[in-house]
2 protein chains.
Amino acid sequence: MVTIGDVASAAGVSRSTASYALSGKRTISPEVRAKVLLAVESLGYTPNAGARALATSQTRVLALLGQFLPDEFAPAMLQYILGVTNRARELGYDTLLVSEDDGAAALKRISDSRMVDGFVLLNVAEHDTRLPLLRSAPQPGALVGLPGSPDGLDVFDLDFDATGSFMVDTLHDLGHRELILVSQPEHVVERGGAYVWRLRDGAKRRADELGVRIHTFFGSSSQPQIGADLHRFLDAHPDATGLLLNNEAAAAALPSVLVARGMTSPEDLSVIGRYSDDFARTFSLPFSAVDSAAEELGRRAVEQLVHRIEGGHAATPAHLELIAPVLDDRGSIAAPRP
Amino acid sequence: MVTIGDVASAAGVSRSTASYALSGKRTISPEVRAKVLLAVESLGYTPNAGARALATSQTRVLALLGQFLPDEFAPAMLQYILGVTNRARELGYDTLLVSEDDGAAALKRISDSRMVDGFVLLNVAEHDTRLPLLRSAPQPGALVGLPGSPDGLDVFDLDFDATGSFMVDTLHDLGHRELILVSQPEHVVERGGAYVWRLRDGAKRRADELGVRIHTFFGSSSQPQIGADLHRFLDAHPDATGLLLNNEAAAAALPSVLVARGMTSPEDLSVIGRYSDDFARTFSLPFSAVDSAAEELGRRAVEQLVHRIEGGHAATPAHLELIAPVLDDRGSIAAPRP
DNA sequence: CTGAAAGCGCTTACAG
DNA sequence: CTGAAAGCGCTTACAG
């Protein structure tokens with residue numbers, strides 16, 4: 001392989017001069033600089049990443065810790081992942097994708113071995129076992145998902161509380177007075193999926209304030225159970241005129257459920273979901289929905305992380321950013337039948 | 001950070017002895033070994049990845065080069081990715097996920113900087129611009145997707161030709177004599193998506209042999225166009241009794257198209273798709289389908305790659321593995337109406 | 001403006 | 001069975 005020594009020889013300068021000419025960390029005469037660059041070009045020199053990491057303690061790599069839990073909606077993960085990898089690359093970083101079940105062990109292993117400059121944690125739970133390790137790690141981290149105690153950490157998430165409130169508000173404005181909310185399965189809640197209860201609590205509170213009745217349910221995260229669930233919920237509350245979905249599988253199953261019941265949306269039922277626009281397009285989901293903002297969250301997390309790696313030191317205080325709900329209107333909400 | 005020097009001091013031995021005690025590359029007396037392990041434990045020592053990479057020229061990292069093309073089905077990618085990352089971890093490797101548009105440039109950059117020990121290429125095209133670079137790279141690679149000239153490279157893919165042939169066979173056995181095949185959009189073909197024509201050609205050949213009429217179309221990869229496409233294809237050939245889908249968006253759109261036409265499957269139309277089981281479950285697609293084998297292909301590619309990295313040298317000859325089609329029967333195929 | 005040298009934290013021949 | 005030393009390819013004070 002071609003090393004900086006080869007470049008230096010070819011350019012007729014010392015290795016340090018070659019290095020400085022490339023990094024620009026001290027002034028180099030134009031002629032010398034040109035000779036070095038020429039040598040780099042003709043030899044096809046690229047610095048050895050391991051050697052550079054050893055010398056500088058910087059890897060230019062970020063770790064992305066996914067949590068691919070059973071009964072959670074895996075395909076949605078790709079949006080977050082691409083947001084992270086693409087933005088990282090734009091900022092000059094590569095991304096190590098970690099999918100191990102034991103995220104805490106993975107974080108420790110990777111942190112201790114100094115493979116990366118920082119961590120992005122996806123799908124952060126209420127009491128996430130990765131957080132204590134992250135706090136004591138020498139590398140900074142950014143979270144996608146709001147944990148119970150975010151103190152000192154940079155956190156990015158959709159404002160699920162405001163999302164629940166917004167959904168109720170929107171339907172109330174149109175005249176709806178009785179709603180059904182279908183959330184993720186209960187065990188998602190049990191393992192700390194705070195977004196489930198944050199959206200639900202926001203919806204309930206707002207419903208209380210407005211005098212709207214709301215019935216909340218946990219739905220299965222896969223077929224065919226979620227289809228049966230939806231029938232059951234709709235049977236139980238035949239007077240409900242609006243349906244809120246915080247469950248991707250429910251959104252995917254709903255069209256055929258509606259057909260089976262001889263219902264159409266929004267005529268017989270107004271529907272608001274919470275999922276990504278990309279998801280909606282791919283699967284032709286015809287429901288208005290609050291966008292998950294997956295890619296944006298991934299990008300924002302990386303930006304903050306890189307900021308902290310490169311400049312921030314302990315300078316910047318912890319950053320908590322909850323993205324406000326934005327509705328993609330696909331025409332599935334309207335005033336209820338008189 | 002704690003280094004092997006700290007471990008050596010704590011154990012009262014030299015750094016080389018500490019290193020050998022950990023690697024097992026030469027015999028160490030049980031007592032010394034115990035002292036070293038104790039020191040490692042109490043100090044919490046983990047080797048520095050950069051230093052090790054520099055010394056050994058091995059990173060224990062694989063690069064995964066995705067190609068996230070517009071108009072291709074992104075969510076399906078996650079299956080391949082998880083197959084790769086999980087199997088890599090089992091074999092002791094971490095995975096660098098690369099999503100840059102210019103895969104060739106990325107490959108060169110990562111190869112030259114010696115960041116990884118090998119490459120997995122996803123979504124390989126007929127004339128993939130990454131292949132020349134991979135061939136001249138010092139690190140080995142494994143492909144998921146069959147290119148026009150696979151010479152010398154390890155390749156894993158679904159046997160799309162056999163899949164097309166199998167689909168026709170299956171419906172012919174049930175008595176079908178006129179079929180429609182809906183493929184990915186034509187520009188997927190134009191940019192070298194060989195799996196499109198491999199399946200189609202396999203289907204056509206077998207149809208010819210069996211005296212079955214088959215009408216082949218390109219369909220859009222997104223809504224709402226693909227819905228309109230499907231109506232058009234079905235209108236054009238009202239006597240066709242079987243539908244073959246090599247297009248995920250078509251599979252997702254078909255249920256509502258059938259409802260709109262007042263048709264049911266398999267009574268009015270037998271349907272066979274090609275997509276992953278996971279995909280079918282998540283979106284409750286009720287169609288029998290040949291499994292994409294995404295996760296398996298990812299895993300197999302990694303296994304072969306690691307084999308080549310660790311033992312194979314130039315030893316093992318190139319490996320070409322086309323996985324035979326396996327049908328997940330979801331009850332959407334039957335004999336045509338008499 | 002440039003060069004010689006030390007050092008990052010490992011591994012592994014070379015000696016004993 | 002163990003230790004002292006060289007070397008992997010960089011960067012960056014230290015000198016001039």
Side-chain angles (χ1 to χ4, degrees), chain A residues 1-37 39-40 43-61 109-117 138-139 310, chain B residues 1-37 39-40 43-61 109-117 138-139 310:
Chain A
M1 76 175 295
V2 29
T3 76
I4 198 161
D6 301 328
V7 171
S9 310
V13 300
S14 73
R15 287 159 64 219
S16 58
T17 298
S19 178
Y20 283 120
L22 290 174
S23 69
K25 288 194 182 169
R26 76 179 181 195
T27 40
I28 299 283
S29 71
E31 310 85 65
V32 169
R33 201 179 129 71
K35 278 194 297 185
V36 171
L37 294 182
V40 164
L43 295 174
Y45 168 71
T46 306
N48 179 295
R52 174 172 280 180
L54 184 57
T56 63
S57 300
Q58 294 213 359
T59 63
R60 308 290 303 180
V61 177
R109 174 174 64 79
I110 291 170
S111 172
D112 284 351
S113 64
R114 301 296 197 274
M115 297 180 74
V116 303
D117 295 340
Q139 304 92 345
E310 298 188 347
Chain B
M1 79 174 293
V2 29
T3 73
I4 199 162
D6 301 328
V7 170
S9 310
V13 299
S14 74
R15 287 158 64 218
S16 59
T17 298
S19 178
Y20 283 119
L22 290 174
S23 70
K25 289 195 181 166
R26 75 179 180 196
T27 41
I28 299 284
S29 70
E31 310 87 64
V32 168
R33 203 178 126 71
K35 279 194 295 184
V36 170
L37 293 182
V40 165
L43 295 174
Y45 169 71
T46 306
N48 179 295
R52 174 172 280 180
L54 184 57
T56 63
S57 299
Q58 294 215 359
T59 63
R60 308 289 302 181
V61 176
R109 174 174 63 81
I110 291 171
S111 173
D112 284 351
S113 63
R114 301 296 197 276
M115 297 180 74
V116 303
D117 296 340
Q139 304 91 346
E310 298 188 347

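The basis for the numbers below is simple: all heavy atoms, side chains too, and nothing from hydrogens, waters or symmetry mates. Lettering follows sequence order; numbering is per chain, from 1.
Contact annotation: Thr56(B) does not reach the phosphate of dT11(C) (side-chain N/O to OP1 or OP2, under 4.0 Å). Applying the 4.0 Å criterion to OP1 and OP2 of dG9(C), one finds that Arg52(B) has every side-chain N and O outside that range. Residue Tyr20(A) places no side-chain N or O under 4.0 Å from the OP1 or OP2 atom of dC10(D). OP1 or OP2 of dG3(C) lies within a sub-4.0 Å distance of a side-chain N or O belonging to Ser14(A).
Screening Ile110(A), Val61(A), Thr59(A) against Met115(A) for a side-chain contact (heavy atoms from CB on, under 4.5 Å) leaves a single residue, Ile110(A).
Heavy atoms of Ser19(B) sit under 4.0 angstrom from at least one base atom.
Using modelled atom types, no side-chain atom of Gln58(A) and backbone atom of Asp117(A) make a donor-acceptor pair closer than 3.5 Å. Distance alone, capped at 3.5 Å, places no donor-acceptor pair between the Ser19(A) side chain and the Arg15(A) backbone.
Rounded to an integer number of Å, the gap from Ile4(B) CD1 to dA5(D) P is 18 Å. Spacing between atom CZ of Arg15(A) and atom P of dC8(C) amounts to 16 Å, rounded to whole angstrom units. Per the geometry, CG belonging to Asp112(A) stands 11 Å off P belonging to dC10(C), to the nearest Å. Atoms CG (Leu54(B)) and P (dG9(D)) sit 7 Å apart, rounded to a whole Å.
Residues Val2(B) and Tyr45(B) approach most closely at O-CD1, 3.4 Å, considering heavy atoms. Residues Ser16(A) and Ser14(A) come closest through the heavy atom pair OG-OG, 3.1 Å. Ala21(A) approaches Arg33(A) most closely through the heavy-atom pair O-NH1, 3.1 Å.
Scanning atom types as modelled, one donor and one acceptor separated by under 3.5 angstrom connect the side chain of Ser16(B) and the base of dA4(D).
Residues Thr3(B) and Asn48(B) have side chains not in contact (no heavy-atom distance under 4.5 Å, counting atoms from C-beta outward).
For the segment residues 24-33 of chain B, residues with any heavy atom less than 4.0 angstrom from an atom of DNA chain D are, sorted by number, Arg26(B), Thr27(B), Ile28(B), Ser29(B), Val32(B).
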Writing each nucleotide of DNA chain C 5' to 3' as (, ), [, ], | or . by Watson-Crick or G-U pairing under 3.5 Å yields |||.||||||||.|||
